[in-house]
*Asks:* 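Would you mind keeping the following structure in view while I ask a few things?
First the proteins, then the strands, lettered A, B, ... as listed; each starts at 1. Since this is a predicted model, take the numbers as computed values, not measurements. All heavy atoms count here, side chains included; hydrogens, waters and symmetry mates do not.
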2 protein chains.
Amino acid sequence: MRIGELARHAGTEVETVRYYEREGLLPPPPRDASGYRRYGPAQLQRLAFIRHCRAFDMPLAEIRELLDFLAAPERSCQHINDLIDQHLARVRTRIAGLQALERQLSELRSHCASGQRAADCGILQELLAALPADDAPG
Amino acid sequence: MRIGELARHAGTEVETVRYYEREGLLPPPPRDASGYRRYGPAQLQRLAFIRHCRAFDMPLAEIRELLDFLAAPERSCQHINDLIDQHLARVRTRIAGLQALERQLSELRSHCASGQRAADCGILQELLAALPADDAPG
DNA sequence: GCTTGACCCCGTAGCGACTCCAGACTGCAG
DNA sequence: CTGCAGTCTGGAGTCGCTACGGGGTCAAGC
């Protein structure tokens, strides 16, 4: 299979496949007489694994670590669990941060009805009143 | 005030201030005899405004638009409301996506207890079983 | 044989919002 | 005078792609 077919099966882009190869996540495949990359099912499985991890929003560095475990089936998978736990913690932290952000934005939004002059806009007023007293210059 | 003090008051980094200047969010300030940037309270207020917006996770392009309103107090602030509404919608979409991700990750995590061989790790199994049947090559 | 179009190659630059670095200069305290 | 913190400039690095430009290859249709 050539790169376009591989990408299609994995639901991604040709450029992304070449990018993963450059980054060392996919091994350089053999080439045919025209220099085209030729892939087998094992490469597709590996690519699908990567895309599956990316769908979980994992950074490539972590995916790299997970890929190492595919090649070392006898190793303890404790580190895998740790990676997932850490990632889960990151996601939860991010959610909490965004929820706080959403509350603040809703509050901000409530300060202005539509169609006023910018000078009277409660939103701009709020955004301008951003200097904590102890940080203000003397 | 010099750039370090300005940055400290705004709770940010010197490099960030210079970056904002390069990006046109802060006007180039006057320089003293040694070429050091000298700032007044107005610049600090503007920088604090930007950082406040960034704390709301707004992209610099939107902040640029909001800054335009500070210079045009007679304009209608309808566009400001629209910007906040759009941003709020983005934040809510992102939260929903991350919550779905969190559920999937928790599910994934439940597939493996600690200390097994990688070959038996339920997490790796799940990640590998990523190929939908209709996408698999013939 | 010739064109058209889809596919592939490589290398490079761009995104957003910083962050860090090298190498030089300035300002102030001890 | 020495040392160190602060500042200057320009450029590169981060992350995960994405989009270009300029070419080669291949199968089908005329």
Side-chain angles (χ1 to χ4, degrees), chain A residues 1-26 28-39 43 46-67 86-87 90-91 94 97-98 101 137, chain B residues 1-26 28-39 43 46-67 83 86-87 90-91 94 97 101 137:
Chain A
M1 144 178 57
R2 292 190 303 194
I3 197 170
E5 196 184 351
L6 181 83
R8 216 164 29 250
H9 282 308
T12 186
E13 302 283 328
V14 167
E15 282 93 349
T16 305
V17 177
R18 285 197 284 252
Y19 170 70
Y20 288 161
E21 182 181 325
R22 276 201 305 282
E23 293 299 303
L25 293 161
L26 292 174
R31 305 289 184 116
D32 67 14
S34 308
Y36 292 6
R37 293 169 176 84
R38 304 316 295 238
Y39 296 95
Q43 264 56 42
R46 191 176 173 94
L47 175 58
F49 178 93
I50 296 170
R51 293 307 297 172
H52 202 171
C53 292
R54 285 294 300 140
F56 284 125
D57 220 16
M58 284 179 210
L60 295 188
E62 281 182 21
I63 299 174
R64 225 180 293 264
E65 294 191 62
L66 291 179
L67 285 169
Q86 283 167 30
H87 186 57
R90 272 203 309 272
V91 170
R94 183 76 182 134
L98 283 175
L101 177 58
Chain B
M1 150 178 50
R2 293 190 304 195
I3 195 169
E5 196 185 350
L6 180 83
R8 214 164 33 250
H9 282 308
T12 185
E13 302 282 327
V14 166
E15 281 91 351
T16 305
V17 177
R18 285 197 283 252
Y19 170 71
Y20 288 162
E21 182 182 324
R22 276 201 304 283
E23 293 298 304
L25 293 161
L26 291 174
R31 306 291 184 112
D32 67 15
S34 308
Y36 290 7
R37 294 170 176 83
R38 303 317 294 241
Y39 297 94
Q43 263 57 42
R46 192 176 172 94
L47 175 58
F49 178 93
I50 296 171
R51 293 308 298 171
H52 201 171
C53 292
R54 286 294 300 139
F56 284 128
D57 221 15
M58 283 179 210
L60 295 188
E62 281 183 21
I63 299 173
R64 226 180 293 263
E65 295 192 62
L66 291 179
L67 285 169
L83 278 182
Q86 283 168 30
H87 186 56
R90 273 204 308 273
V91 169
R94 183 76 182 133
L101 177 57

*Asks:* Which atoms form the tightest heavy-atom contact between A:Val14 and A:Gly4, and what is the distance?
*Replies:*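 Looking at all heavy atoms of both residues, the shortest contact is CG2-CA, 3.8 Å.
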*Asks:* Would you find more than 12 non-hydrogen atoms of other residues, nucleotides or ligands less than 6.0 Å from A:Glu13 atom CD?
*Replies:*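 No.
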*Asks:* Within the 4.0 Å limit for protein heavy atoms, which parts of nucleotides 6-14 of chain D are touched? Write it as a string from 5' to 3', B for base, S for sugar-phosphate only, - for none.
*Replies:* BSSB-----
*Asks:* Please find the earliest and latest nucleotides of DNA chain C, in the 5' to 3' direction, that have an atom within less than 4.0 Å of any heavy atom of chain A.
*Replies:* C:dC7 to C:dC10
*Asks:* Measure from CZ on A:Arg38 to C1' on D:dC26 and round the result to the nearest Å.
*Replies:*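 Going from CZ in A:Arg38 over to C1' in D:dC26 covers 11 Å.
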*Asks:* If only side-chain N and O atoms of A:Tyr20 are considered, is one of them under 4.0 Å from the OP1 or OP2 phosphate oxygen of D:dG16?
*Replies:* no
*Asks:* Please give me the minimum heavy-atom distance between B:Ile63 and B:Ile50, naming the atom from each residue.
*Replies:*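 Looking at all heavy atoms of both residues, the shortest contact is CD1-O, 3.9 Å.
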*Asks:* DNA chain C: B:Arg54 or B:Ala33, which has the more 5' nearest nucleotide?
*Replies:* B:Arg54
*Asks:* Mind listing the closest non-hydrogen atom pair of B:Arg37 and B:Glu21 along with its distance?
*Replies:* NE-OE1, 2.8 Å
*Asks:* Could you walk me through whether B:Phe49 and B:Leu66 pass the side chain to side chain contact (heavy atoms under 4.5 Å, CB included) check?
*Replies:* CA-CA 10 Å; B:Phe49 178 93; B:Leu66 291 179; 3.8 Å; yes
*Asks:* Need one value for B:Arg64: base, sugar-phosphate or nothing, where a base atom within 4.0 Å counts as base even if backbone is also close, heavy atoms only.
*Replies:*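 It contacts nothing in the nucleic acid.
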*Asks:* Applying side chain to side chain contact (heavy atoms under 4.5 Å, CB included), run through B:Leu60 and B:Tyr19 and close with a yes or a no.
*Replies:* CA-CA 11 Å; B:Leu60 295 188; B:Tyr19 170 71; 3.7 Å; yes
*Asks:* Report the distance from atom CD1 of A:Ile63 to atom C1' of D:dC15, rounded to the nearest whole Å.
*Replies:*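 The distance from CD1 of A:Ile63 to C1' of D:dC15 comes to 12 Å, rounded to the nearest Å.
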*Asks:* Looking only at heavy atoms, which two atoms of B:Gln43 and B:Leu6 are closest? And how far apart?
*Replies:* C-CD1, 4.3 Å
*Asks:* Tell me: CG of A:Asp32 to P of D:dT25, nearest whole Å?
*Replies:*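 Roughly 11 Å, once rounded to whole Å.
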*Asks:* Do A:Tyr20 and A:Arg51 pair up side chain to side chain, a donor and an acceptor below 3.5 Å, judged on atom types alone?
*Replies:*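 Looking only at side-chain atoms, A:Arg51 and A:Tyr20 do form a donor-acceptor pair, the distance falling under 3.5 Å.
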